[in-house]
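Since the structure comes first, as structure tokens, the remarks are kept for the end.
Throughout, protein chains are lettered first and strands after them, A, B, ... in sequence-line order, and every chain is numbered starting at 1.
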Number of protein chains: 2
Amino acid sequence: MTGRTDPLLSHAELEAALREIGATRYHSLHPFQTLLQEGRLTRAQVQAWALNRYYYQSNIPVKDAIILARLGTVELRREWRQRILDHDGSETERGGIEKWIALTDGVGLDRDYVMSGKGILAGTRFAVDAYVHFVRDRTLLEAIASSLTELFSPNVIGVRTRGMLAHYDFISAETLAYFDKRPVQAKRDSDFALNYCLEHADTREKQEAVMDALRFKCQVLWAQLDALYFSYVEPALTPPDAWRPGEADAGREAR
Amino acid sequence: MTGRTDPLLSHAELEAALREIGATRYHSLHPFQTLLQEGRLTRAQVQAWALNRYYYQSNIPVKDAIILARLGTVELRREWRQRILDHDGSETERGGIEKWIALTDGVGLDRDYVMSGKGILAGTRFAVDAYVHFVRDRTLLEAIASSLTELFSPNVIGVRTRGMLAHYDFISAETLAYFDKRPVQAKRDSDFALNYCLEHADTREKQEAVMDALRFKCQVLWAQLDALYFSYVEPALTPPDAWRPGEADAGREAR
């Protein structure tokens, strides 16, 4: 167990500690993720995942805009704004949110329903909102550190995409286009954020705060899958205001 | 389905609609609650419930202080401040938080650990924090309406207390003293809040906002039990940073 009064860690030690947090807490370890990539979910359960995760995706540029407003220098903002471009896209290039809508289209959910945010689980909303509040209320260093889960996503995305394509006949490569560019973007973004944290966490207390911020973010991702598992897998007790299988179903042919 | 453009409801109709929300969404319907009051939980699972709910209890005066600051009149503040007195107590009378500590003492949890907030589930923290943010960020009417779950608690408390006393040999009447006064307090508080909402929701849009606020609060309570169920009942997958059975255990004799 490490503590705030221990000696300063070297950059290599801090990076190793952060990677250890990912190795033990990243949501790739969650049973819902395992079921998803091994083809053991029904189409309705995959729809529930896509619907709920849209709320997370659609709040990413919100949290990045809050960070952008706090960065304080032209140079840092130039780096960070790319994340917003990636998610919001442009007239000539689809952004991540639009690609996620293509995913929810692809699994047969009504687009207006998805974008309305209706039917998402309370656990999804509380976790995502906690992330937005975190980057607003904590130190800038902690806000940046909370993005470090992207250190762990490139590898997971490949496993998930291959698994979903192999196992679900209702999933196409086009449906999963969101994930095509994410590994390269995530590596670029997390390299920057990691270097920022290594440079700016110049006391042991700040280093511990960086680790705690990453643990928090792992919880944000994990709690979303807890909610999906409880409501749609086991005991599969879907609360009254949440989406139900068959609801807002645009049909498999409807795009 | 009702909507914001429908005609204004009478007071009786709005009250009936609010009671219907409780009848379908209050956490007394959650499987964890059923297991708890039917004596089907282990001591460790009851400890997990007591530990996590402490975080909720300890934030009640926080959310009430935020509302207090927003009420705007001497008369309203005089009514509302009683809630804070009830939870924080005085030199001569134990408050609700102190009684909850007696409950966690009674089930054998270390007091300092409980009060530190360490080991609570992410789902607990996200749900409770969402409640605190809600009463800060929404309209005063919505903030007050979110307390209306107390309309439904008096009856549930009796069932739960009798069930727990009958089924668990590690639970005594003293351990559950928290619940002794809650039915009377909750009735007084919810009568006031209900009348406030009936009076001040003078458009259909505000009436719908009151109903939505109560649905939200039901989700806050429900999501906490989802998190407990997932992490300690089924699949009982306890995340790395959460409390584990045996941890911080003061022993059954230690009071």
With a 4.5 angstrom heavy-atom cut-off, which part of Ala127(B) approaches chain A: side chain, backbone, both or neither? both

Can you tell me which portion of Asp226(A) sits under 4.5 Å from chain B's heavy atoms? Options are side chain, backbone, both or neither. both

Between Val233(A) and chain B, which part of the residue has a heavy atom less than 4.5 Å away: side chain, backbone, both or neither? neither

Of the options Trp100(A), Trp243(A), Tyr229(A), which is the one that meets Trp49(A) in a ring-ring contact (aromatic ring centres under 6.0 Å, His included)? Trp100(A)

Among His133(B), Arg125(B), Glu234(B), His30(B), which has the most heavy-atom pairs under 4.5 Å with chain A? His133(B)

Tyr232(A) and its side chain to side chain contact (heavy atoms under 4.5 Å, CB included) partner, picked from Thr42(A), Leu121(A), Leu41(A): Leu121(A)

Side chain Arg160(A), main chain Gln37(A), donor-acceptor under 3.5 Å: no

With no hydrogens and no angle check, is any side-chain donor or acceptor of Arg53(B) less than 3.5 Å from a backbone partner on Ala48(B)? no

